[in-house]
Amino acid sequence: MPHSTSAWPDICILLAACAILAAALFSFDAYFGGGAAVLFLCIALFVRERNLKREHDLEAYFHDVVSQIKPVMNYAVEKLPIAVLIVDAEGTLQWANRELGTRLGLNESPKRGTPVKEFWPEMILKPIWGMTGEYIFRAGETAYRAEYRPVPVEGLDEPLMAFYVVDVTEYEQLREDFAGSRTALAYIQIDNYDEALQGLVEAERSTLASAITNMLDTWAKDHGCLIQRLNEEKYVAVMERRALDQAVEDKFSILDQVHSLKGAGKLPITLSFGVVTAEQQSIHEAARQALKTLELSLARGGDQAAVVIDGKTQFFGGKAQAVEKHTRVKARVVAHSLREQIEVADEVFIMGHKNEDFDVLGAAMGVARMACYSKKPVRIMLSDMNEGIDKFTDMMIDKPEYKSLFLHENALEEMTPSARALLIVVDTHIPHMVASSRLLAAIPRRILIDHHRRGDSIIENPQLSYVEPSSSSTSELVAELVMYYADDIKLSRFDATALYAGIVVDTKHFGVQTGVRTLEAAAYLRRAGADPVLIRQLFREDYETNLTIAKALASSTLYDGGLIVASCPEVQPNIQAIAAQTADTMLHIEGVRMSIVIFQLAQDVVGISARASGELNVQVIMEEFGGGGHQTVAGAQVKNGSLEEIKDRAVEIAKKYIEENG
């Protein structure tokens, strides 16, 4: 880069060359040399004068240009069609150009010291302070893109922030129009079609089917959808994303509206939806995903809509109890498939959820009996937290046939499951809730047997999945599988008692979620030798347990809407069963519709036990904490959380749910 604009150094070099030439001429001829010297002096003086004038003119030009830069810059910034703001750490305006006033519809920009929240409360300041980036915010009907970056200022602890705000309303409107026009596919199924029509004459069947179709047609017309009936109980609907957003906003009110239609025995009609928005995938891929989403909705008990938006699954509805199927055809088919899987395995492992209860133990022992019938080595994995069943397991340890049945995770260090090992998971389908994640990872061949409503998280790629939310318990499901596994299979007294205890626990002594098949399974187990007297002894509570329940009840708080919440802050044996009993007890209080107990399960684990009357659904609340269950009975376990913080969050979510669902 040149340090000077003067040409004089270059001219001096040329003059020196001319002087040498003149000297050379003088050496040949004095007259010519003298003339050349005079000419050289004249040229040198002329060139020097011209160079000085040129430098003076150039300097004057530069001075004029520099003197105009600041006004030009100020003019450009003031007239820039972008609002520029300089904001301090307190969120007050330090400087802004005139365009800010124009954007706000004012004659001039707000004065220095004005809080930004006064004119643009939607602007984000604190969370992005000191960073560089951009975001979109809306002020009324106008959308703005704000680019931001820090402005270091000497003498200030925190930098100022510069915001460059551009009106992008047209772009955002175009983007929203495009997003709203994306295609959404919905598969709709009548959950209880066969049960609702059973016993009706043909005219009544036609009338009910027509009423369901007319109600769906009306709903589709109101939302701008195209709906087509595929068969007697299934429909497909095509809609735009904006129509889906409308359905989400009214929480799929069609689910409640269709309850007004009654089938045989005054059974209300329920629907299940599986809805997917075609974003980047093709219509064909979206249709396959919508079918899977419908299966998820049905696996959760039906009467709900499972909607996949932006890759996240949302659930709506789910207020009605899952309908018990009167036929055992599925149980017979599953039992046949289960036997096939067991007989091709080298060994069988069984486990349930952490902190096992009697439903896990009963189901596990029933499955173990089927594996023993097929002459397969079988082991039941127990977690380290199983105080609720230790009385029963202690009784079996002395029996030769059960001596080596149970194992704990530390035993896996000395053994490796074979390549053809089979893992059967009972009473849970959520990966992080199993008794041993290590065993789950070690055995790829898995079978799921569960009665909880399916959540978004599920053990992947099972060889067989038997999830029936209409069943009272997993023990009931396993008892039916035992019936169809083989004609000559025999349950021992301990097997039958464990299965019976699982049903008793989950039905609250046959008080809730008890159907015809529940009682038939219980009768089968009684004939097999189940001992109610032994179960009564197992369920007896000691003084400390009753004292803990009393303390929890005394600490409970009753909120508007029928919500009651209690806590058990101390870790103690059998705390999960204590919390469940406390929740059950509180639900019997007049006016209570939902009870929640927060308890310290371990030093780093907080448990939640929730109960509800039939009009509310605690499963959707527990799913917020990574748990699940049934509409009226659910729970969750949260790692590395504060009991009080989790309690406050549970109260907030529950109150919001009650407010929205009445």
J.: Let me have the donor-acceptor pairs involving side chains of residues 527-537, under 3.5 Å, with sequence neighbours excluded, atom names and distances please.
T.:
from   : atom 1 : to     : atom 2 : distance (Å)
Asp531 : OD1    : Val533 : N      : 3.0
Asp531 : OD1    : Leu534 : N      : 3.3
Asp531 : OD2    : Arg493 : NH2    : 3.0

J.: Is there a donor-acceptor pair under 3.5 Å between the side chain of Ser473 and the backbone N or O of Asp506?
T.: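 No, the answer is negative, given that no donor and acceptor are paired below the 3.5 Å cut-off.
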
J.: Under a 3.5 Å distance rule, please check whether Ser472 uses its side chain to pair with a backbone N or O of Thr507 as donor and acceptor.
T.: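 No, because the side chain of Ser472 does not come within donor-acceptor range (under 3.5 Å) of the backbone of Thr507.
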
J.: Applying side-chain contact (heavy atoms from CB on, under 4.5 Å), run through Asp359 and His451 and close with a yes or a no.
T.: CA-CA 10 Å; Asp359 194 24; His451 74 118; 3.4 Å; yes

J.: Give a yes or no on this: more than 12 heavy atoms of other residues, nucleotides or ligands lie within 6.0 Å of atom CG of Asn231.
T.: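 Atom CG in Asn231 is packed in, count exceeds 12.
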
J.: Report the residues that fulfil ring pair (Phe, Tyr, Trp, His ring centres under 6.0 Å) with Phe358, sequence neighbours left out, ordered by chain and then residue number.
T.: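 Ring pair (Phe, Tyr, Trp, His ring centres under 6.0 Å) check on Phe358 returns Phe539.
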
J.: Examine distances only and state if a side-chain atom of Ser465 and a backbone atom of Pro462 form a donor-acceptor pair shorter than 3.5 Å.
T.: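 Flag not set: sc Ser465 to bb Pro462 has no pair under 3.5 Å.
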
J.: Under 3.5 Å, is there a donor-acceptor pair linking the side chains of Tyr373 and Asp488?
T.: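 Short answer, yes.
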
J.: Would Thr518 and Glu476 satisfy side-chain hydrogen bond (donor to acceptor under 3.5 Å, both in side chains), going step by step from the backbone distance to the final call?
T.: CA-CA 6 Å; Thr518 308; Glu476 178 189 326; 2.8 Å; yes

J.: Do Ile212 and Leu261 have side chains that get closer than 4.5 Å, going by heavy atoms?
T.: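 The answer is yes; the side chains approach within 4.5 Å.
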
J.: How about Arg205 and Thr207: does a side-chain donor come under 3.5 Å of a side-chain acceptor?
T.: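 Side chains of Arg205 and Thr207: no pair found under 3.5 Å.
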
J.: To the nearest 0.5 Å, tell me how far Ile424 CD1 sits from Gln463 CD.
T.: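 Atom-to-atom, Ile424:CD1 and Gln463:CD are 11.0 Å apart.
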
J.: Testing the basics here: between Ser556 and Met586, what is the closest heavy-atom pair and its distance to 0.1 Å?
T.: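 For Ser556 and Met586, the tightest heavy-atom pair comes out as CB-SD, 3.9 Å.
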
J.: Hey, what do you get for CD1 (Ile489) to CE (Met370), rounding to the nearest 0.5 Å?
T.: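 So the gap between those two atoms works out to 6.5 Å.
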
J.: If only atom types and distance count, is the side chain of Arg229 paired as donor or acceptor with the main-chain N or O of Glu232 below 3.5 Å?
T.: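 Present.
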
J.: Going by the rule side chain to side chain donor-acceptor pair (under 3.5 Å), which residues pair with Arg526 if we only count those two or more places apart in sequence or in a different chain?
T.: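 Counting only residues at least two positions away or on another chain, Arg526 forms no side chain to side chain donor-acceptor pair (under 3.5 Å).
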
J.: Looking only at side chains, do Thr270 and Asp303 share a donor and an acceptor under 3.5 Å apart?
T.: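 Judged by distance alone, the side chains do not pair up.
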
J.: Would you give the length of the straight line joining atom CD1 of Ile458 to atom CG of Leu448, rounded to the nearest 0.5 angstrom?
T.: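 If we round to the nearest 0.5 Å, Ile458:CD1 and Leu448:CG are 5.5 Å apart.
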
J.: Mark yes or no: Arg339 above the aromatic ring of Tyr485, with NZ or CZ under 6.0 Å from the six-membered ring centre and no more than 45 degrees from the axis.
T.: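 Yes, cation above the ring, under 6.0 Å and within 45°.
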
J.: Would you check, one step at a time, whether the test side-chain contact (heavy atoms from CB on, under 4.5 Å) holds for Arg517 with Ser470?
T.: CA-CA 10 Å; Arg517 289 171 61 176; Ser470 63; over 6 Å; no

J.: Looking only at atom types and distance, does a side-chain atom of Thr497 sit under 3.5 Å from a main-chain N or O of Phe494, one as donor and one as acceptor?
T.: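 Not a single qualifying donor-acceptor pair exists.
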
J.: Less than 4.5 Å apart, side chain to side chain, heavy atoms only: is that true for Val633 and Val618?
T.: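 No, their side chains stay 4.5 Å or more apart.
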
J.: Quickly, which of Tyr187, Trp219, Phe316, Tyr235 forms a ring pair (Phe, Tyr, Trp, His ring centres under 6.0 Å) with Phe273? Name it, please.
T.: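 For Phe273, the ring pair (Phe, Tyr, Trp, His ring centres under 6.0 Å) check succeeds only for Trp219.
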
J.: Would you say that more than 12 heavy atoms from the other residues, nucleotides or ligands in this model lie under 6.0 Å from the CD of Gln314, or not?
T.: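 For Gln314, atom CD is crowded (more than 12 foreign heavy atoms under 6.0 Å).
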
J.: Could you check whether Glu480 pairs with Lys330 (Lys NZ or Arg NE/NH1/NH2 to Asp/Glu carboxylate O, under 4.0 Å)?
T.: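 The answer is no: the pair does not qualify as a salt bridge.
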
J.: Which value, rounded to the nearest 0.5 Å, describes the distance between Ile658 atom CD1 and Ile653 atom CD1?
T.: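 Ile658 CD1 to Ile653 CD1: 12.0 Å, rounded to 0.5 Å.
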
J.: Of the non-hydrogen atoms in Ile598 and Ala650, which two are nearest, and what is the gap between them?
T.: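 Here Ile598 and Ala650 meet closest at CD1-CB, 4.2 Å.
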
J.: With sequence neighbours excluded, tell me which residues meet salt bridge (Lys or Arg N to Asp or Glu O under 4.0 Å) with Lys234.
T.: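 For Lys234 there are no salt bridge (Lys or Arg N to Asp or Glu O under 4.0 Å) partners, ignoring immediate neighbours.
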
J.: Going by heavy atoms in the side chains, are Phe349 and Leu422 under 4.5 Å from each other?
T.: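 No; the side chains remain at least 4.5 Å from each other.
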
J.: Whether the side chain of Thr293 engages the backbone of Gly274 through a donor-acceptor N/O pair (distance < 3.5 Å, no angle test) should be reported.
T.: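 Between the backbone of Gly274 and the side chain of Thr293 there is no qualifying donor-acceptor contact (under 3.5 Å).
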
J.: Report yes or no: do Gln189 and Ser272 form a side-chain donor-acceptor pair below 3.5 Å?
T.: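 Short answer, no.
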
J.: Which residues satisfy the ring pair (Phe, Tyr, Trp, His ring centres under 6.0 Å) test with His353, sequence neighbours excluded?
T.: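 If we apply the ring pair (Phe, Tyr, Trp, His ring centres under 6.0 Å) test to His353, skipping adjacent residues, there are no hits.
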
J.: Say you draw a straight line from OG of Ser374 to CD of Glu340; how long is it, rounded to the nearest 0.5 Å?
T.: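 Result: 11.0 Å between the selected atoms.
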
J.: Where do Val378 and Ile342 land on the side-chain contact (heavy atoms from CB on, under 4.5 Å) test, with the steps shown first?
T.: CA-CA 10 Å; Val378 59; Ile342 289 176; over 6 Å; no

J.: For the residue pair Ser492 / Asp495, report whether a side-chain donor-acceptor contact shorter than 3.5 Å exists.
T.: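 Yes, side-chain donor-acceptor contact under 3.5 Å.
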
J.: Rounded to the nearest 0.5 Å, how far does CD1 of Ile564 lie from CZ of Arg611?
T.: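 Nearest 0.5 Å value for the CZ-CD1 distance: 14.0 Å.
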
J.: Quick one: closest heavy-atom pair of Ala368 and Ile350, and the distance?
T.: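 Closest pair (atom of Ala368, atom of Ile350, distance): N-CD1, 3.4 Å.
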
J.: Over all heavy atoms of both residues, which pair between Val360 and Glu356 is shortest? Give the atoms and the distance, please.
T.: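 In this case the closest contact between Val360 and Glu356 is CG1-CG, 3.6 Å.
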
J.: Arg445 and Ala345: which non-hydrogen atoms are nearest, and at how many Å?
T.: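 Looking at all heavy atoms of both residues, the closest pair is NH1-CB, 3.9 Å.
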
J.: Whether Arg379 and Glu347 form a salt bridge (side-chain N of Lys/Arg under 4.0 Å from carboxylate O of Asp/Glu) is what I want to check.
T.: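 Salt bridge: no.
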
J.: Suppose we screen for side chain to side chain donor-acceptor pair (under 3.5 Å). Which residues come up paired with Asp250, at least two apart in sequence or across chains?
T.: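 Only His223 meet the side chain to side chain donor-acceptor pair (under 3.5 Å) criterion with Asp250.
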
J.: Counting only N and O atoms by type, is there a donor-acceptor contact under 3.5 Å from the side chain of Asp191 to the main-chain atoms of Ile269?
T.: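 Not confirmed, Asp191 side chain does not pair with Ile269 backbone.
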
J.: Any donor-acceptor pair under 3.5 Å linking the side chain of Ser471 with the backbone of Glu468?
T.: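 Not confirmed, Ser471 side chain does not pair with Glu468 backbone.
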
J.: Report the C-alpha distance between Leu538 and Met395 in whole Å, list the side-chain angles of each, state the deciding distance to 0.1 Å, and finish with yes or no for side-chain contact (heavy atoms from CB on, under 4.5 Å).
T.: CA-CA 11 Å; Leu538 292 171; Met395 294 171 59; 4.1 Å; yes

J.: Looking only at atom types and distance, does a side-chain atom of Lys376 sit under 3.5 Å from a main-chain N or O of Glu343, one as donor and one as acceptor?
T.: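 Such a contact is found between Lys376 side chain and Glu343 backbone.
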
J.: For Leu481 versus Ala331, what's the shortest heavy-atom pair and its separation?
T.: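 Taking every non-hydrogen atom into account, CD2-O, 3.5 Å.
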
J.: Mark yes or no for whether His336, through its side chain, and Arg332, through its backbone, hold a donor-acceptor pair below 3.5 Å.
T.: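 It does not hold such a pair.
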
